[in-house]
Amino acid sequence: MKEIKHFINGAFVGSASGRTFEDVNPADGQLIGHVHEAGRAEVDAAVKAARAALKGPWGKMNVAERAEILHRVADGITARFDEFLQAECLDTGKPKSLASHIDIPRGAANFKVFADLLKNVANEAFEMATPDGAGALNYAVRRPKGVIGVISPWNLPLLLMTWKVGPALACGNTVVVKPSEETPLTATLLGEVMQAAGVPAGVYNVVHGFGGDSAGAFLTEHPDVDAYTFTGETGTGEVIMRAAAKGVRQVSLELGGKNAGIVFADCDLDKAIEGTLRSAFANCGQVCLGTERVFVERPIFDAFVARLKAGAESLVIGPPDDASSNFGPLVSLKHREKVLSYYQQAVDDGATVVTGGGVPDMPAHLAGGAWVQPTIWTGLADDSPVVTEEIFGPCCHIRPFDTEEEAIELANSLPYGLASAIWTENGSRAHRVAGQIEAGIVWVNSWFLRDLRTAFGGSKQSGIGREGGVHSLEFYTELKNVCVKL
Ligand SMILES: NC(=O)c1ccc[n+]([C@@H]2O[C@H](COP(=O)([O-])OP(=O)(O)OC[C@H]3O[C@@H](n4cnc5c(N)ncnc54)[C@H](O)[C@@H]3O)[C@@H](O)[C@H]2O)c1
Ligand SMILES: O=C/C=C/C=C(\O)C(=O)O
């Protein structure tokens with residue numbers, strides 16, 4: 001049986017306590033392997049290794065040298081594409097057709113984009129007058145922040161972890177990564193790639209375990225970590241922020257959402273249906289950017305509901321290796337319990353179940369998997385928990401609206417503000433509405449279209465800070481002003 005170990009100071013090591021937990025394949029419920037659970041000792045060793053590595057060869061490299069190594073990391077992921085694909089799909093159950101287009105290529109791109117950005121970025125300089133007439137020159141230099149704690153979720157494990165590790169390393173930091181307990185494989189495999197690419201020992205460390213009272217908490221409570229970058233639930237973000245307050249450490253938080261899709265009657269309906277199908281059901285609905293609330297202008301409401309229903313019912317439910325499948329299981333049976341509790345709540349609250357609402361019939365060998373049906377509701381009141389709370393499952397509620405103002409008000413009515421998708425062929429309206437949506441990211445006639453140079457993050461309770469492009473640079477470096485009297 002496979003053993004999944006920590007990667008600390010350039011070596012794979014087990015836990016001194018011998019404690020392990022199970023990694024389970026959510027497509028069939030089968031055991032993948034035993035994962036070592038880090039105690040304070042392993043977290044401490046990882047942080048010490050990361051601290052020491054800042055003073056080693058990594059800390060002495062110039063940007064071009066680091067960039068070259070990070071390109072080799074990206075090439076290493078690409079060279080072992082099938083292994084990464086297999087590992088990610090085992091852990092998550094997601095279709096290989098999806099992971100091969102999104103998760104793994106982005107894992108590589110996250111290193112290349114930030115390595116290149118760092119080579120080309122400029123810093124500010126100001127000439128100033130002084131009373132003696134000689135003047136002074138101010139110029140800024142950037143320095144790595146130090147040891148970065150990276151805490152990542154299970155929905156896009158390699159993509160979201162490297163989205164942080166790529167820029168953190170490009171900026172010259174070292175990292176201690178705590179991947180989700182549900183998905184330990186690709187972060188571990190990346191350790192091998194780092195080593196082969198020539199990343200010095202201690203620069204990239206991985207500790208496995210759970211959140212509270214386990215590796216996650218030990219890492220966020222560790223006094224020798226300089227900053228934390230976290231993607232996950234809003235409640236967890238609050239806990240991490242509290243822990244980081246001790247010692248005044250900076251946080252970057254990418255948190256939950258309950259995103260709105262807004263479909264105007266003047267949209268291109270084919271595009272709106274295709275985009276909303278993806279935004280509600282891709283990755284079995286486990287995408288923070290997904291639209292669990294869809295608002296449709298009344299004249300096309302019935303047509304939209306009918307077509308989205310047909311689309312949902314044409315999704316092909318199946319395991320990762322099935323080339324025709326485009327809809328996998330949820331990440332775990334535990335998460336399915338949560339999603340199904342909302343399916344029940346919708347019925348209790350009087351929803352019309354347009355499609356789905358339960359568990360699909362699966363062949364015997366997949367019966368132990370975390371399968372659920374793609375589900376669409378209409379008819380719920382605006383204050384039902386089904387339309388106000390993040391479910392993180394393959395489902396959406398569709399509600400009609402009559403005016404642009406009403407659509408904007410509905411979209412902005414929740415304490416979340418991560419992303420939104422607007423569907424209209426009226427250019428003025430698109431800009432007007434986009435400008436008024438309270439969210440960090442607004443897509444017009446698209447969804448999850450990503451340019452890694454752009455700002456990414458949430459407003460309100462969906463996060464603090466922005467990553468992406470120069471915004472990642474802002475978080476992962478200290479900007480120092482040098483003032484020289486001439
Ligand atoms: N805004 C974004 O960019 C974004 C992207 C993806 C996912 N998400 C959000 O992530 C959530 C789904 O992911 P999840 O269920 O893995 O989130 P989660 O918050 O349960 O866990 C995320 C990570 O935090 C760790 N953790 C949990 N409790 C902790 C604690 N007390 N101290 C330290 N670490 C702790 C977990 O072990 C895991 O590694 C959803 O809410 C989703 O919206 C947000
Ligand atoms: O589930 C959330 C998806 C987040 C995506 C990104 O962070 C990204 O594309 O960089």
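Everything quoted here is computed from the prediction, not taken from an experiment. Whatever order the structure lists ligands and atoms in, that order sets their numbers, starting from 1.
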Do any heavy atoms of [X] fall under 4.0 Å from ligand 1?
{"X": "Gly458", "result": "no"}
{"X": "Gly457", "result": "no"}
{"X": "Ala217", "result": "yes"}

Counting non-hydrogen protein atoms only, what is the nearest one to [atom]? Give residue, atom name and distance.
{"atom": "atom 9 (C) of ligand 1", "value": "Gly232 O, 3.3 Å"}
{"atom": "atom 14 (P) of ligand 1", "value": "Trp154 NE1, 3.3 Å"}
{"atom": "atom 2 (C) of ligand 1", "value": "Cys288 SG, 3.3 Å"}
{"atom": "atom 35 (C) of ligand 1", "value": "Gly211 CA, 3.3 Å"}
{"atom": "atom 23 (C) of ligand 1", "value": "Ser152 O, 3.5 Å"}
{"atom": "atom 43 (O) of ligand 1", "value": "Glu390 OE2, 2.5 Å"}
{"atom": "atom 1 (N) of ligand 1", "value": "Leu255 O, 2.6 Å"}
{"atom": "atom 5 (C) of ligand 2", "value": "Phe456 CZ, 3.6 Å"}
{"atom": "atom 2 (C) of ligand 2", "value": "Cys288 SG, 2.2 Å"}

Worksheet item: Between Trp163 and Arg106, is there a cation-pi geometry (under 6.0 Å to ring centre, at most 45° from the normal)?
Response: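 Judged by the rule (NZ or CZ under 6.0 Å from the ring centre, within 45° of its axis), Arg106 counts as positioned above Trp163.
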Worksheet entry | Distance under 6.0 Å and angle within 45° of ring axis: Lys145 vs Phe475 |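 Geometry flag: set, cation within 6.0 Å and 45°.
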Fill in: Heteroatom proximity flag, Thr231 to ligand 1, N/O under 3.5 Å
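No; every N/O pair is 3.5 Å or more apart.
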Worksheet item: N/O of Glu233 under 3.5 Å from N/O of ligand 1, yes or no?
Response: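 Yes - when backbone and side-chain N and O of Glu233 are compared with those of ligand 1, one distance drops under 3.5 Å.
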Give the contacting part of [X] toward ligand 2: side chain, backbone, both or neither, where contact means a heavy-atom distance below 4.0 Å.
{"X": "Leu452", "result": "neither"}
{"X": "Thr231", "result": "neither"}
{"X": "Gln286", "result": "neither"}

Expected output: side-chain [X] to main-chain [Y] donor-acceptor under 3.5 Å:
{"X": "Thr375", "Y": "Gly357", "value": "yes"}
{"X": "Gln195", "Y": "Gly10", "value": "yes"}
{"X": "Asn259", "Y": "Ala419", "value": "yes"}
{"X": "Asp382", "Y": "Leu410", "value": "no"}

Worksheet item: Are Trp377 and Tyr342 an aromatic pair by the rule of ring centers under 6.0 Å?
Response: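 Trp377 vs Tyr342: aromatic centres not under 6.0 Å.
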Within the 4.5 Å heavy-atom criterion, are [X] and [Y] side-chain neighbours or not?
{"X": "Phe12", "Y": "Thr188", "answer": "yes"}
{"X": "Leu160", "Y": "Pro153", "answer": "yes"}
{"X": "Leu118", "Y": "Cys171", "answer": "yes"}

Worksheet item: Looking at Leu160, which atoms of ligand 1 are within less than 4.0 Å of one of its heavy atoms?
Response: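 Going through ligand 1 atom by atom, the ones under 4.0 Å from Leu160 are 5 (C), 6 (C).
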Out of [options], who gets a non-hydrogen atom closest to [atom]?
{"atom": "atom 7 (O) of ligand 2", "options": "Leu449, Leu160, Leu418", "value": "Leu160"}
{"atom": "atom 24 (O) of ligand 1", "options": "Phe230, Phe210, Tyr416, Phe218", "value": "Phe230"}
{"atom": "atom 27 (C) of ligand 1", "options": "Ile391, Val331, Thr236, Val150", "value": "Thr236"}

Discussion item. Does the protein come close to atom 21 (O) of ligand 1 - that is, does one of its heavy atoms sit below 4.0 Å from that atom?
Written reply: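 Protein heavy atom within 4.0 Å of atom 21 (O) of ligand 1: absent.
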Are [X] and [Y] within salt-bridge range, i.e. N to O under 4.0 Å?
{"X": "Glu42", "Y": "Lys5", "answer": "no"}
{"X": "Asp103", "Y": "Lys94", "answer": "yes"}
{"X": "Arg142", "Y": "Glu478", "answer": "no"}

